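Report on one structure; see the data block that follows.
Order of appearance sets the numbers: ligands from 1, and atoms from 1 within every ligand. Please read these numbers as outputs of a predicted model, since none were measured by experiment.
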Amino acid sequence: MVKKSNWKSVTIDATGNFEGLLGIEECTDYNISSFSKKKYKKRTREEDSDGVPKKKIKNNNAENSNDENNKIEEEAEKEIMKGKKTMQQNLKKDKKKNNKKVIEPLDSKNLEESKGENSENESEKEISNSKKNAKKGNKKKKKKRGKKGKKPVKVDNKEDDDQETLEKEDIVKEEVNMDLWNIVPLPQPVLDVLASKKFTQPTEIQTLTLPAAILGYRDILGAAETGSGKTLAFGLPIISGILRMKKKLAEEESESDNGMEEDENEIELEENDDSEAESDENEAESEIEDSERESENEECEVESANEECEAESEDNEDYEAESDDNEESEADENESEEEEVENEDSEETTNGIGCVKVIDDIDIPGIQLPKKKRKNPLYALILTPTRELAVQIKNHLLPIAKSVGIQLGVVIGGMAAVKQERVLSKGPEIVIATPGRLWETIQQNNEHLMNLDEIKFLAIDETDRMLEKGHFQELHDILLKINGDGSNKQTRQNFVFSATLTLIHELPSHIKKKNKWSAKKTVEMTPAQKLKKVVDQLGITNPKIVDITKGTGTSSTLTECKISCTIDEKDYYMYYFLKRHPGRTLVFCNSIGCVKRLHTLFEMLGCKPLSLHASMQQTQRLKNLDRFRDTENSVLIATDVAARGLDIPSVQHVIHYQTPRTSESYVHRSGRTARASKEGITILLVEITEVHHYINLCKTLGKTEDIPIFPVERKYFEAVKERVNLARNLDKLDLKVRKSTAEVGWFEKAAKEMDMIIDDKAMKYDLMDSNKLKKECNGMRKNLSSLLNRPLFPDEYRLSEVQQGLQIKAVLQNQMYTRSAIDVMKDAIVNKKLKDQRKIPKSMFKKAKKEHEVILPKQLLKKTEDKGSKKGKNNRNRKKNKN
Ligand SMILES: Nc1ncnc2c1ncn2[C@@H]1O[C@H](COP(=O)(O)OP(=O)(O)OP(=O)(O)O)[C@@H](O)[C@H]1O
């Protein structure tokens, strides 16, 4: 565009009809500049502030300048020739940006046009961005502020609240000392995210694995207790690795671009015979411009990546069709806006200097055009056994990835195919997936998953579960695909993590028996052999093995206990526990049927339980998990789908309603509490048929002592039983009512369809039965609700008095009432130990005394002897007195 201009009047030296012509002016001094993004921004802002619509300005300009353009063009041609090189380089950059567009041979006019094209493209982006921004309104503004705040730059003349945010964030930064993360070089934005989460230092597993993974690029086999931070132990190396790769790729690209530029420059030099000094100047100029543009483009890319990430996170969090529609309609709106903007721009450019002719996909001999820019390749794949875990890992890594412009995508069962397609079409660098859906998507030839054998990072969370025989056949297929012909194996970094990676089972009794008689004996695996098997299955070479599980896999902050009972009593104990020790409680069952039964029963008992199992709808599964997370005293009854990896903050209690079949299951279920150094308690309900599972479990986990028994106050048990029994009966009756109503309904319907005449009497009896049952059911429901309204524990009586105003009592009783299960159990353990100590036989004490006599210094011994003699004298005196 023409930037600065001076106009001089020109005398007309010609004959002809000049009616209506006032005079001609010549532009004598002007500059032509390319349309930089920042300048454009400024311009649009000015226009906006004038309150004049953009389109109008463009048209007016066009009218005024139409007749002037010819002259300007002539003069401009000279100037343009000077800046030809600069233009060419700008052109190249723009071609790279728009990659599908090829500019016609580089004569001066086209250069001019290309300039217009440059500005057009940039302005197109700008306008569409600004429109989008305007639409997003305050939300977007807030986000931008956040971004600005992250940069430790002092900004003057900012809005007050901007400054405030900066100051606040600076304060936060000052408070959080992140020096302990210096073991590895992490980008500042990543450290900022970690600081905001108050992760002031790496956990043990992170300390032991991050340097080898990030600095040594080693494969990692990590076994650490549940809740110890394994996700970041593989997440951070993957993110920082991708960043490094992207940076390297960008450097290589810019190098090859420079090479190409040089070649083209040489051709130019031959053509134009420009002076050396001039070309140097232009080169320098163009370099500066290029670098400016590049940095702008980078910013732009990162921003858009971030936006996409955000959108995606929303996508993934919400599986509802409703939101789908909204998103789609929003996308449509944006598209139409962009179209509008395109039209505006084309009007502008055709009227002004930048007249552009664009031909798609034409190769110009002698000019090597940049390859069509490929969408982000897939760098990393994270595989998990459950959908919830995949979503959780995404949520855990998202803020970190987002801070450095890396996108994450989730591929899990239960997700709508359209949504799945959309997620992958964005080209996320990291895909987190469950094996089943991933394999399905691969088989549908999804473009983003085509080059799985070229991925640079592979993480398998809960690996032992994933590689178990009979599970996840798809995983083996996926691994075959990833390993391909084996050529990329060496360049891929692998992460294998689990809390039970090195847990070894005792041989089952039937194999032991078999071993007795057969010559071919099955030998128990050692942890090393188990790891080797994993390494072989995955095709990993020379991994760094870190095992800090200390044989158990459970956290040291976990308090374990059990309740031995009959199968019938399990409901009583569970109800007692939930009522006596309110708190976020996760109850595990071995089957979906059991989950369903307990859900109905405890719903009737007013415990408002949530449930989670594999045959539920994915939306409901995630909703229930969220509710459980958000409600303080909530109860989630689940199968083992919730056992692995789920990180729900502040789960206080885990109840194993049924003894888990494997020790791995016990470890992972129990690991939902006592996470990240917090305390938690796990209670195992063991009935007689489960004892052998319990014994196996203790053996595998290397327990030398029986798991201690949780103390239950028996005095409340009658009231507990009464309620639970009533609820059970109600449940049974309710089922009967539903059955009979369904039967009557079915009979009537079938008779109608078959045009049968029904015996009214028989029908009447059926209906009477059904109504009678309903009445009975309602009566029982009333009884139960009045029972439930009464306090179960005496403390509760006093609590209700408290509600009437006795506040001092409230404090005391509240303390009594909410006494935590952990405290109760800890007290019980201590008391039991004290009792056991008292139980030590006298002979043991004598022996101990003898040992002490050897160790104790002579002086002390004398004192104790003196005391003993004094005591002896006193005793003798007492006896004498008595006599
Ligand atoms: N460096 C850290 N400092 C403090 N907390 C951390 C740190 N790293 C991770 N955490 C937190 O610890 C909790 C457990 O982390 P994570 O889910 O990664 O554990 P895990 O070892 O994978 O557990 P599981 O074996 O059950 O899957 C999370 O809430 C996470 O935010």
Test: Asp640 and Arg669 ion pair at under 4.0 Å: yes

Contact (N/O only, under 3.5 Å) between Gly229 and ligand 1: yes

Nearest protein heavy atom with distance in Å, relative to atom 25 (O) of ligand 1: Lys230 NZ, 2.7 Å

Contacting atoms of ligand 1, where contact means under 4.0 angstrom from a heavy atom of Ser228: 19 (O), 20 (P), 21 (O)

Atoms in ligand 1 with a heavy atom of Gln201 nearer than 4.0 Å: 1 (N), 2 (C), 3 (N)

Phe234 and ligand 1 - part of the residue with a heavy-atom distance under 4.0 Å: neither

Top protein contact for atom 8 (N) of ligand 1, by heavy-atom distance: Gln206 NE2, 2.9 Å

Near-ring test Phe577/Phe710, centroid separation under 6.0 angstrom: yes

Test item, Arg644 contacting ligand 1 (heavy atom, 4.0 angstrom): no

Lys197 and ligand 1 - part of the residue with a heavy-atom distance under 4.0 Å: neither

Ligand-side contact atoms (ligand 1) for residue partner Leu232, heavy atom cut-off under 4.0 Å: 8 (N)

Ligand-residue contact atoms, ligand 1 with His396, heavy atoms, under 4.0 Å: 30 (C), 31 (O)

Distance from atom 10 (N) of ligand 1 to nearest protein heavy atom, with residue and atom: Phe199 CZ, 3.6 Å

Sub-4.0 Å atoms of ligand 1 with respect to non-hydrogen atoms of Glu462: 27 (O)

Which residue and heavy atom of the protein sit nearest atom 29 (O) of ligand 1, plus the separation: Asp647 OD2, 2.5 Å

Asp823/Lys826 ion pair, N-O < 4.0 Å: no

Approximate separation, where rounding is to 0.5 Å, of Arg621 CZ and Ser615 OG: 9.0 Å

Asn590 side chain vs Thr659 backbone, donor-acceptor pair below 3.5 Å: yes

Euclidean distance, Ile563 CD1 relative to Ile709 CD1, rounded to 0.5 Å: 9.0 Å

Gly227 heavy atom under 4.0 Å from ligand 1: yes

Closest heavy-atom pair and its distance - Phe457, Pro237: CE2-O, 4.2 Å

Protein contact of atom 27 (O) of ligand 1 - nearest heavy atom, named by residue and atom, plus distance: Gly645 CA, 3.2 Å

Nearest protein heavy atom with distance in Å, relative to atom 12 (O) of ligand 1: Ala676 CB, 3.5 Å

4.0 Å heavy-atom contact, Lys198 with ligand 1: no

Residues Tyr694 and Asp706: side-chain donor-acceptor under 3.5 angstrom: yes

For atom 17 (O) of ligand 1, closest protein heavy-atom neighbour: Arg675 NH2, 3.0 Å

Within-4.5 Å side-chain heavy-atom neighbours: Tyr666 and Leu684: yes

Between Asp647 and Gln392, a side-chain donor and acceptor under 3.5 Å: no

For Thr231, atoms of ligand 1 separated by under 4.0 Å from a heavy atom: 16 (P), 17 (O), 18 (O), 22 (O)

Proximity to ligand 1 by part of His668, non-hydrogen separation under 4.0 Å: neither

